[in-house]
Every structure is written in structure tokens, then in C-alpha cells.
Amino acid sequence: FAAEGPVFCSGHDLKELSSEDDVKHHSQVFEICAEVMTLIQKLPVPVIAKVNGLATAAGCQLVASCDIAVASEKSQFATPGVNIGLFCSTPAVALGRSLPRKVALEMLFTGEPLSAREALMHGLVSKVVPEDKLEEETMKISHKICESSKSVLALGKATFYRQMTQDLDAAYKMTTQVMVDNLTLRDGQEGIEAFIQKRKPVWSH
């Protein structure tokens, strides 16, 4: 995900949330947003946020929902809804799963932004680079990912998010079975054979 212009994403259009529209409309706006955020994690391919500028409210939620986020040094991240009387409760779902609780709550209670460096320090983004290196670094990560088997990546991504919701014993039990399942994939065997034969793997995709 990337944006054109000085803002990565400023979240909802507040005109859509005025009292001129009814509760049904408001519910639909937030339900669609939640569906988009959850679909990012359900996609079988990694999703990268390329952030160059301000990411606020649902825009900050979008960054937190992506698998990887690369930000320029000028980027900032905020959940300022509390300042206009609309607490960022849905962004809090993604924020609370990406950041330490006290950092997320300070953002939510004050609306004050995190700098790119602070976002990196607390785990909201994966990497911070100078603005003129943002495209290059994002594509470097993307190209590296594309060197791997699509079926293996899909299995790995789905498994990662499943195990994150489980306790330690259940997570190890489930992922142990997934590793066995991974070996039954054509690309699982191809990768091992290629490694043993000291050659580049030829993925089935």
C-alpha cells in the first residue's frame, strides 16, 4: 500500500460520520473498514505499507494491519480521534496488537503522534529510511519475498497469524503439524532437494 501526496492516509472522511447520516450508514462505514483490515491478514501474500507522510486514525490502523511497514523519516503516526470526540476504538484493535499496551494507550488517550523513529522503536513499522530511499527499500523487500515459493509463503503467513492467538503449547502443537504439512508441498520438497544439490530452487508457481 502506498499513497500519492503528502499524507499516507488520514482515515475516515468525517463528513460520512455526521448526524445527517443514520446509524445504519455509520455501522456500514466501520464494518467495511474492519473487513478491509482483516482481509489484509487473510490474503495469501505478504502486504507491505510504504508510508511517506502522516498516517492517522484508520490510516494508522492500516499500517498496523499490514504484515510489513516501511516508513520514510518524515512519517508520523497518530490516533487523534479522542480530540474530536470520536475515540479510535477500531484502530485500537490493530494498534493494541502491534504496540506495547502503554504506548498504544498513550497514542489513543492523547492523540499525540509518534515519529517514524518512535514507531520503529515500538514495533509499529519494520524499517525507517530517508525519503529518497523509500521506494528502493520497499521494492528490495518485495523482490526478496518474491524469490520464495508462493504456496510456502501463503502457508507461513496464515500459520503465523493463527499461532499468535494461541497459548504456547497449542501454538507449538499446531505449528509442528504445519511444518509436517509444509514438507508434503511440492515446493517444500523442491526447496530441500535444491539445497542439498546446491542449486537454485524452481518453484511450482
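Starting from 1, each residue takes its place in the sequence as its number.
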**Student:** Measure from the side-chain N and O atoms of S142 to the backbone N and O of T138, and report whether any donor-acceptor pair falls under 3.5 Å.
**Tutor:**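 Answer holds: no.
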**Student:** Any side-chain heavy-atom pair from P44 and K150 closer than 4.5 angstrom?
**Tutor:**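 Counting from C-beta outward, P44 and K150 never come under 4.5 Å.
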**Student:** With a sphere of 6.0 Å drawn around CD of Q189, does it hold more than 12 non-hydrogen atoms of other residues, nucleotides or ligands?
**Tutor:**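 Yes - once you tally the heavy atoms of other residues, nucleotides and ligands closer than 6.0 Å, there are more than 12.
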**Student:** Which heavy atom in V128 sits nearest to a heavy atom in A116, and how many Å separate them?
**Tutor:**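 Looking at all heavy atoms of both residues, the shortest contact is CG2-O, 3.4 Å.
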**Student:** Is a donor on one side and an acceptor on the other found under 3.5 Å between the side chain of T79 and the backbone of A57?
**Tutor:**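 Answer holds: no.
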**Student:** Please name the pair of heavy atoms, one in F77 and one in S115, separated by the smallest distance, quoted to 0.1 Å.
**Tutor:**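 Closest approach of F77 to S115: CD1-O, 4.3 Å.
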**Student:** Check the surroundings of atom NZ in K127: do more than 12 heavy atoms from other residues, nucleotides or ligands lie under 6.0 Å from it?
**Tutor:**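 Check fails, neighbour count at 12 or below.
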**Student:** Could you walk me through whether C66 and F1 pass the side chain to side chain contact (heavy atoms under 4.5 Å, CB included) check?
**Tutor:** CA-CA 9 Å; C66 287; F1 282 117; 3.7 Å; yes
**Student:** When rounded to the nearest 0.5 angstrom, what is the spacing between OG1 in T56 and CG in L54?
**Tutor:**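 Rounded to the nearest 0.5 Å, the OG1-CG separation comes out at 5.0 Å.
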**Student:** What do the steps show when you test L183 against I192 for side chain to side chain contact (heavy atoms under 4.5 Å, CB included), and what is the final call?
**Tutor:** CA-CA 9 Å; L183 288 170; I192 290 170; 3.4 Å; yes
**Student:** Quick one: closest heavy-atom pair of L114 and V103, and the distance?
**Tutor:**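 Reported closest heavy-atom pair: CD1-CG1, 4.4 Å.
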**Student:** Is any side-chain heavy atom of L124 closer than 4.5 Å to a side-chain heavy atom of C60?
**Tutor:**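 When only atoms from C-beta onward are counted, C60 and L124 do touch, with a gap below 4.5 Å.
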**Student:** Would you compute the distance between atom CE of M174 and atom OG1 of T159 and round it to the nearest 0.5 angstrom?
**Tutor:**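 Answer for the CE-OG1 pair, M174 versus T159, is 5.5 Å.
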**Student:** Measure the CD-NZ distance between E137 and K140 for me, rounded to the nearest 0.5 Å.
**Tutor:**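 The CD atom of E137 sits 5.0 Å away from the NZ atom of K140.
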**Student:** How close do A2 and K50 get, counting heavy atoms only, and between which atoms?
**Tutor:**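 Closest pair (atom of A2, atom of K50, distance): CB-CE, 3.6 Å.
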**Student:** Hydrophobic clusters join Ile, Leu, Val, Met, Phe, Trp and Tyr when side-chain heavy atoms are under 4.5 Å apart, directly or via other members; which others share one with I145?
**Tutor:**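 Reading the cluster by chain and number, I145 sits alongside I48, I68, V70, V129, L134, I141, L153.
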**Student:** With a cut-off of 6.0 Å (strictly less than), are more than 12 heavy atoms of other residues, nucleotides or ligands near CZ of R199?
**Tutor:**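 Yes.
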**Student:** Is there a donor-acceptor pair closer than 3.5 Å between any side-chain N or O of S75 and the backbone N or O of G53?
**Tutor:**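 Yes.
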**Student:** What is the minimum heavy-atom distance between P80 and C88, and which atoms define it?
**Tutor:**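 Taking every non-hydrogen atom into account, N-SG, 4.2 Å.
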**Student:** Determine whether M107 and L99 make a side-chain contact, defined as any pair of heavy atoms from C-beta on separated by less than 4.5 Å.
**Tutor:**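 M107 vs L99: side chains touch.
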**Student:** How about V82 and F109: do any of their side-chain heavy atoms sit closer than 4.5 Å?
**Tutor:**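 The answer is no; the side chains never approach within 4.5 Å.
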**Student:** Determine whether V125 and V93 fall in the same hydrophobic cluster, where Ile, Leu, Val, Met, Phe, Trp and Tyr are linked whenever their side-chain heavy atoms lie under 4.5 Å apart.
**Tutor:**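 No, V125 and V93 fall in different hydrophobic clusters.
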**Student:** Considering non-hydrogen atoms only, spot the tightest contact between E190 and K200 and give its length.
**Tutor:**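 Nearest heavy atoms, E190 then K200: OE2-O, 4.5 Å.
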**Student:** Spell out, as yes or no, whether a donor-acceptor pair under 3.5 Å connects the side chain of D187 to the backbone of W203.
**Tutor:**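 Pair absent, no side-chain N/O of D187 close to backbone of W203.
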**Student:** Grouping I, L, V, M, F, W and Y whenever their side-chain heavy atoms are under 4.5 Å apart, do F87 and I84 come out in a common cluster?
**Tutor:**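 The answer is no; the residues belong to distinct hydrophobic clusters.
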**Student:** Do the side chain of S98 and the main chain of A64 share a donor and acceptor less than 3.5 angstrom apart?
**Tutor:**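 Answer holds: yes.
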**Student:** Measuring from atom NE2 of H143 to atom CD of E136, what distance do you get when rounded to the nearest 0.5 angstrom?
**Tutor:**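 Taking NE2 in H143 and CD in E136, the distance rounds to 11.5 Å.
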**Student:** Taking only Lys NZ, Arg NE, NH1 and NH2, and the carboxylate oxygens of Asp or Glu, determine whether K42 and E35 approach each other closer than 4.0 Å.
**Tutor:**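 Looking at K42 and E35, the cut-off is not met.
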**Student:** Are side-chain heavy atoms of Q61 and L95 found at a separation under 4.5 Å?
**Tutor:**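 No. Closest side-chain heavy atoms not under 4.5 Å.
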**Student:** Should we count OH of Y172 as having more than 12 external heavy atoms under 6.0 Å?
**Tutor:**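 No, the 6.0 Å shell around OH holds no more than 12 heavy atoms from other groups.
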**Student:** When you measure from the side chain of Q163 to the backbone of F160, do you find a donor-acceptor pair of N or O atoms at a distance under 3.5 Å?
**Tutor:**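 Side chain of Q163 to backbone of F160: a pair is present.
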**Student:** Can you tell me how far the NZ atom of K173 sits from the OG1 atom of T175, to the nearest 0.5 Å?
**Tutor:**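 Output value for this atom pair is 12.0 Å.
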**Student:** Would you check, one step at a time, whether the test side chain to side chain contact (heavy atoms under 4.5 Å, CB included) holds for T165 with R97?
**Tutor:** CA-CA 10 Å; T165 64; R97 285 162 169 75; over 6 Å; no
**Student:** With clusters defined by side-chain heavy atoms of hydrophobic residues (ILVMFWY) lying less than 4.5 Å apart, directly or transitively, does Y161 cluster with V63?
**Tutor:**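 V63 does not cluster with Y161.
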**Student:** Identify the residue among E73, E131, E4 that makes a side-chain hydrogen bond (donor to acceptor under 3.5 Å, both in side chains) with N52.
**Tutor:**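 Option passing the side-chain hydrogen bond (donor to acceptor under 3.5 Å, both in side chains) with N52: E131.
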**Student:** For the CE atom on M179, are there more than 12 heavy atoms of other groups (residues, nucleotides or ligands in this structure) within a distance under 6.0 Å?
**Tutor:**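 No.
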**Student:** Side chains of L62 and I40, heavy atoms from C-beta outward: is any pair under 4.5 Å?
**Tutor:**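 Heavy-atom side-chain distance check passes, below 4.5 Å.
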